[in-house]
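Structure record follows, encoded as C-alpha cells.
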Amino acid sequence: MREQLLLFCNWSTLGVCSALKLPQISAVLAARSARGISLPSLLLELAGFLVFLRYQCYYEYPLLTYLEYPILIAQDVLLLLCVFHFNGNVKGAAPYLAA
C-alpha cells in the first residue's frame with residue numbers, strides 16, 4: 001500500500017509539473033507580448049532547475065525522484081524563447097540556448 005501511494009504521488013507530481021507553465025506560455029502566445037515577464041527571474045529559475053537536475057544526476061538518484069525537472073526546464077526554455085521572440089531579440093536567445 002505504501003509503495004502504491006508513493007508511486008501515485010510521483011506520477012501525480014509529474015502530471016502537475018507537465019502543465020505548470022502551460023497557462024503562462026499560452027497567455028504570452030495569445031497576447032503576442034512578453035510584457036510582465038521578468039527575464040532575470042526566468043533565468044534564475046532556469047539556473048536553479050539546471051543545478052538541481054545536475055546534482056540529482058551526479059549522485060545517481062532514482063529517475064522518478066527528479067523527472068519533473070527536465071519537464072520544467074523544457075517549459076522554461078520555451079517561455080524564454082517566447083520572451084526573446086516577442087521582445088524582438090531572437091538572436092539574444094542564442095547564448096542561452098548554447099549554454
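Along the sequence shown, the residues carry numbers beginning at 1.
- Rounded to the nearest 0.5 angstrom, Asn87 CG and Cys82 SG are separated by 11.0 Å.
- Judged as a side chain to side chain contact (heavy atoms under 4.5 Å, CB included), and not counting sequence neighbours, the contacts of Leu7 are Trp11, Leu64.
- Residues passing the ring pair (Phe, Tyr, Trp, His ring centres under 6.0 Å) test with Phe49, sequence neighbours excluded: Tyr69.
- Side chains of Thr13 and Leu67 form no contact here, defined as non-hydrogen atoms less than 4.5 Å apart.
- In the hydrophobic clustering of ILVMFWY residues, with side-chain heavy atoms under 4.5 Å counting as a link, Ile25 and Leu43 come out together.
- One distance of note links SG of Cys17 with CG of Leu72; it measures 4.5 Å at 0.5 Å rounding.
- In this structure, the side chains of Ser33 and Val28 stay at 4.5 Å or more apart for every pair of heavy atoms.
- Panel note: side chain Gln75, backbone Ser18; a donor-acceptor pair is recorded below 3.5 Å.
- Both Leu20 and Leu81 belong to a single network of hydrophobic side chains, linked directly or stepwise wherever heavy atoms of I, L, V, M, F, W or Y lie under 4.5 Å apart.
- One N or O on the side chain of Ser12 and one on the backbone of Phe8 form a donor-acceptor pair closer than 3.5 Å.
- Rounding to the nearest 0.5 Å gives a distance of 10.0 Å between CD1 of Ile73 and CD of Glu68.
- A 4.5 Å side-chain heavy-atom check between Leu78 and Lys21 finds every atom pair outside the cut-off.
- Side-chain heavy atoms closer than 4.5 Å link hydrophobic residues (I, L, V, M, F, W, Y) into clusters, and following such links, possibly through other members, connects Leu14 to Tyr61.
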Show me, pair by pair, the donor-acceptor contacts under 3.5 angstrom made by side chains of residues 53-60, not counting sequence neighbours?
none

